[in-house]
Amino acid sequence: MPTVIFQLPDGTERKVTAASGTVLMQAAVSNGVQGIVAECGGNASCATCHVYVDADRSELVGGPNDVEDEMLDFTAAERRPTSRLSCQVELSDALDGLVVHVPEEQV
Amino acid sequence: MSPLTTAAPGAPVVDLDLADLRRDPYPAYAELRRTAPLAWVPSVGRHLLTRYEDIVHAEKLPEVFSSREEGSLLLRTVGRNMLREDDPDHRRLRSAAEPPTRPRQVRDLWAGAFERTAHELLDKIADRGEADLIADFAEPLVAANLALVLGLRDASAEDIAGWSRAMMAGNSNYADDPDIWLRAEQATGAIEDAVARAAEAARREPDGSVISSMVHAAEPVELTEIQNNVKVIIGGGVNEPRDVFGVGAWALLNRPEVLDRVLAEPSSWKRVFEETARWVSPIGMYPRQLTQDYEIAGLTLPAGSRVALVIASGNRDESVFERADEFDLDRPHRPHLAFGGGPHFCMGAWVARHEVSAIAWPLIFDRLKGLRLADGATASDSDSAAGRMDGWVFRGPTSLNVTWHAAQAA
C-alpha cells in the first residue's frame, strides 16, 4: 500500500495511502484532497486533476501518454516538464513516498 | 431495472409549475436546497437533487446513478445513444467520437474555419447597426461550426439549428405535445439521411471529423450508432455554446465596468466563460436512474428511482459559491458543474470554450463598436425586448437585441 504526499498550494500537505493499482487521482478524490477536481472522473478529457510530480521521482513515474500529453497543453495552471494528469498515474509499491504538488488552479 | 415513477418512501413531495420553472427556476432551486435537497417533483416525474455536494457525489458513482434511464425523453427523441449508456458501451462510443473535439484538434484543425465563419456573419450585419446576436450571429456560428466538426458537409447552418431546436423541444417535452414529437421525428429522419451520406464519404476519404472518426474507430461502431450519437451532439452542440454566448454577452453589456476590464485583459475571456456557465448553466439538469438502493441527501432511494441532477442549482449553491446569484469574475475558483462530471463530462467542452471565449465574444466587441443592448435593459429586466431568459432543462436568452455605431464597424 504505497503512501503519496500531496503538497497543496497553501503550503500544507496531505498524506494518502492507497492500494497498488489505484490511480493517483482516485487516491486523492477518495480522501478529499482539495485541488484535485477530476471533473471527468478519470477519462483524460477535462485536465482538472493536474499535478507536478516531484523532480526526484519524475523519471520513475514516467511521462504522459498521447492523449494526456495533448490535455496537458490546456491545463489551467502552467505546464511544466514534470506535469501529469493524476488520473493517468497508476500507483505501485515502487512509488511509495511519492510527493506531488497540486497547482493553484485546475479550471 | 424498471423505473419507479413514484416518490421514494419519506421523500418530500414538492409541486413545481413547469411554466414557472421555465421563466426562472432559481428561486425554486434555492428553496429546495434549503428545505428539501432531494424532493419528488410530480410535474417532472423525478426526484430533484439540488445541492452541489450531493450532485458531485452522484456524478462520481455512475454504477449507482446510471445513465440508462428507461422511458427517457431523450431516448424517445433520438434512440439509444452514448448519453444514456453506461460504460463499457458509453466508453466505446465516446472513444470513437471524441478525438476531433479534443483541445489540440480544436486549435489546429477547426479554429481557423470557426474564425472565418464568425467574420462572414459579422460582415453581413456590420453595416446595419442593429441585430439580434442570437439569431443573426451566435446560432448560425455554432451551427456552422458543428456541421464542420461533425463532418456534415451537405448540411447548412440553418439545417443544423433547425434540427437542434426540434430535437431539444422533444427532449424537454414533459407536456407530451404531439406536434413537438412530430417535428422531432422529421428532424431525426433528416439527420439519419445526412449522416448516412457523410459516413459513406468518410469511409472513402477520412476527413478528421467526428463522423469520420466513428467510421474508422478501432472498436467497430454501427451506422445506427453514429446516426443516433450525431443527433445527440447536434442537440447539445447548438444550444449550449449559443446560450453561454448569449448569457455572457448579456452579462457584460449590463456591466460596462466589468466589460472594460475584460477588454483590457483578453486572457480573462476564459474566466468569463467559466463564470457564465456557472451563473446560468446552458444545461440545467440531467436524469439518472438508480441501479440499487442508495442513501443520499438523508434519504434512501430504492433501486429504480429516477433522479434529476440539477446542476443549475448546484452552481448556485451558497455553501460553495458566495453570493451565488451574482455574476462575479473575481469569485474564488471553485469548479462549476455546467459540463457535468464523471465519464459523461461534456464532449464539446473544448469546442465551446474556443468558439465562444476565443472567437465569438472578442470579435463582436472588437468589430461592433459601441455595442449595447437595444433598449438599455438591465440584468434584472428579464422580460425586456433586449432578451428574455427562458428554460430550465436548457436555459439561455431567446434573443439579444443590440445596437452599435454602424459607420465605425470594421
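Throughout, a chain's letter reflects where its sequence line sits, starting with A, and its residues are numbered from 1. FYI, side chains are in, hydrogens and waters are out, and symmetry mates aren't considered; it's all heavy atoms of this structure.
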When you look at R80(A) and E78(A), which way does the salt bridge (charged side-chain N to carboxylate O under 4.0 Å, His left out) test go after all the steps? CA-CA 6 Å; R80(A) 296 178 192 162; E78(A) 61 161 341; 3.0 Å; yes
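- Between chain A and the residues S95(B), P343(B), C346(B), the largest count of heavy-atom pairs under 4.5 Å involves P343(B).
- With respect to chain A, the highest number of heavy-atom pairs below 4.5 Å among E59(B), H344(B), R102(B), E98(B) belongs to R102(B).
- The 12-atom threshold is not exceeded at CD of Q34(A), counting heavy atoms of other residues, nucleotides or ligands nearer than 6.0 Å.
- In this structure D73(A) satisfies the salt bridge (charged side-chain N to carboxylate O under 4.0 Å, His left out) test together with R79(A), R104(B), sequence neighbours excluded.
- Listed in order of number, the residues of residues 311-342 of chain B that approach chain A to under 4.5 Å between heavy atoms are H333(B), P335(B), H336(B), G340(B), G341(B), G342(B).
- Identified under the salt bridge (Lys or Arg N to Asp or Glu O under 4.0 Å) test for residues 37-65 of chain A, with sequence neighbours left out: none.
- The side-chain heavy atoms of Y286(B) and L83(B), taken from C-beta on, include no pair separated by under 4.5 Å.
- A donor-acceptor contact closer than 3.5 angstrom is absent between the side chains of S45(A) and N43(A).
- Side-chain atoms of S20(A) and S92(A) form no donor-acceptor pair, as typed in the model, at a separation below 3.5 Å.
- For D69(A), the parts sitting under 4.5 Å from any heavy atom of chain B are the backbone and the side chain alike.
- The candidate from C40(A), G42(A), A76(A), A47(A) with the greatest count of non-hydrogen atom pairs under 4.5 Å with chain B is C40(A).
- Heavy-atom pairs under 4.5 Å with chain A peak, among K270(B), M347(B), R91(B), at R91(B).
- A salt bridge (Lys or Arg N to Asp or Glu O under 4.0 Å) check over residues 343-358 of chain B, counting only residues at least two apart or in different chains, returns the pairs E274(B)-R353(B).
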